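Down below is the structure, laid out as structure tokens.
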Amino acid sequence: TITFTLGGADYSLDVVDAGVSPTPGDTQSVTTLDGVTHQDQAAETWFLNLTLVLDWDTTRPGLAYYLYNNRGDTVAFQLRKDTAAISTTNPEIQGNVVLVAAPYGGEGNTFITAEVSMPITGPLVIDTSP
């Protein structure tokens with residue numbers, strides 16, 4: 001069981017898999033006339049990766065519907081591995097993401113899932129305080 005909120009709403013019911021992952025920054029290097037190579041590493045970028053059930057319900061709303069109607073907005077998210085209280089053994093990761101729309105449609109007679117990857121903006125916080 002995970003605890004997942006996005007934009008202040010609980011979307012744990014719509015998410016099958018959730019995680020935060022980094023992508024390494026680009027490395028730039030140049031060799032000067034004296035033969036010395038100088039190198040610079042850009043900071044990594046972080047993404048919130050979700051596998052979600054495509055729920056286009058407009059009443060609750062479903063996560064797919066929410067992402068589509070708010071795409072491009074930056075909102076807060078919180079992700080914790082279970083529903084127990086935040087602690088040093090059950091930290092919660094928090095940050096802000098730019099919303100990306102989920103695809104629409106898929107195979108019939110089955111629960112349709114999709115993957116979305118949303119860029120994280122600003123700092124990430126790992127909260128261990130109860």
Side-chain angles (χ1 to χ4, degrees):
T1 303
I2 64 166
T3 301
F4 175 67
T5 62
L6 189 63
D10 184 357
Y11 286 104
S12 301
L13 297 173
D14 292 298
V15 177
V16 176
D17 188 25
V20 173
S21 63
T23 298
D26 292 334
T27 301
Q28 298 178 9
S29 63
V30 61
T31 302
T32 54
L33 293 176
D34 61 359
V36 176
T37 300
H38 305 272
Q39 190 168 313
D40 185 32
Q41 179 75 36
E44 71 274 338
T45 54
W46 289 82
F47 293 87
L48 173 64
N49 303 304
L50 303 175
T51 302
L52 62 135
V53 174
L54 288 182
D55 182 355
W56 288 89
D57 180 1
T58 61
T59 306
R60 183 168 47 100
L63 181 54
Y65 183 80
Y66 173 78
L67 291 175
Y68 177 78
N69 281 302
N70 297 284
R71 64 193 182 279
D73 289 353
T74 300
V75 300
F77 78 92
Q78 295 83 31
L79 177 62
R80 190 168 63 241
K81 67 180 180 177
D82 61 41
T83 57
I86 297 172
S87 67
T88 55
T89 58
N90 188 37
E92 177 176 272
I93 193 161
Q94 305 164 353
N96 294 305
V97 294
V98 177
L99 299 179
V100 174
Y104 187 91
E107 182 180 347
N109 298 318
T110 185
F111 285 106
I112 302 169
T113 61
E115 295 179 4
V116 294
S117 184
M118 295 181 275
I120 295 172
T121 62
L124 283 170
V125 174
I126 298 182
D127 186 0
T128 60
S129 61

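Since the model is a prediction, treat every value here as computed from it, not as a measurement. Numbering of residues begins at 1 and proceeds along the displayed sequence.
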Just verifying a value: how many Å separate Phe77 CZ and Gln94 CD, rounded to the nearest 0.5 Å? 8.5 Å
Heavy-atom closest pair, residues Leu54 and Ala114: CD2-CB, 3.8 Å
Hydrophobic clustering (ILVMFWY, side-chain heavy atoms < 4.5 Å, transitive) - are Ile112 and Tyr66 grouped together? yes
Looking only at heavy atoms, which two atoms of Ile86 and Ser129 are closest? And how far apart? CG2-O, 3.3 Å
For the hydrophobic clusters of this structure (ILVMFWY residues joined by side-chain heavy atoms under 4.5 Å, transitively), does one cluster hold both Tyr104 and Val116? yes
Given side chains that start at C-beta, do those of Arg80 and Asn90 come closer than 4.5 Å, heavy atoms only? yes
Are Ile2 and Leu48 connected in a single hydrophobic cluster, I mean Ile/Leu/Val/Met/Phe/Trp/Tyr linked by side-chain heavy atoms less than 4.5 Å apart? yes
Between Ser117 and Asn49 the two heavy atoms that sit nearest each other are OG-OD1, 2.7 Å
Under 3.5 Å, side chain of Asp26 to main-chain N/O of Ala42, donor-acceptor pair present? no
Is Leu99 linked to Val20 within one hydrophobic cluster, defined over Ile, Leu, Val, Met, Phe, Trp and Tyr using a side-chain heavy-atom separation of less than 4.5 Å? yes
Does the side chain of Thr113 reach to within under 4.5 Å of the side chain of Leu52, using non-hydrogen atoms? no
Which residue in the set Thr5, Leu63, Asp55 passes side chain to side chain contact (heavy atoms under 4.5 Å, CB included) when paired with Tyr11? Leu63
Pairwise distance CD(Gln39) to OG1(Thr27) - rounded to 0.5 angstrom: 5.5 Å
Any chance CD of Glu115 has more than 12 other-residue heavy atoms, nucleotides or ligands included, within less than 6.0 Å? no
ILVMFWY network linking Ile126 to Leu6, side-chain heavy atoms under 4.5 angstrom: yes
Do Leu50 and Met118 have side chains that get closer than 4.5 Å, going by heavy atoms? yes
CD1-CD distance between Ile120 and Glu44, expressed to the nearest 0.5 angstrom: 10.5 Å
side-chain contact (heavy atoms from CB on, under 4.5 Å) assessment of Val97 paired with Val75: CA-CA 6 Å; Val97 294; Val75 300; 4.3 Å; yes
Just wondering, more than 12 heavy atoms not from Gln28 lying within 6.0 Å of its CD? no
Within the structure provided, determine whether Phe4 and Asp14 are in side-chain contact (heavy-atom separation under 4.5 Å). no
Can you confirm whether Tyr68 is buried at OH, in the sense that more than 12 heavy atoms of other residues, nucleotides or ligands lie under 6.0 Å from that atom? no
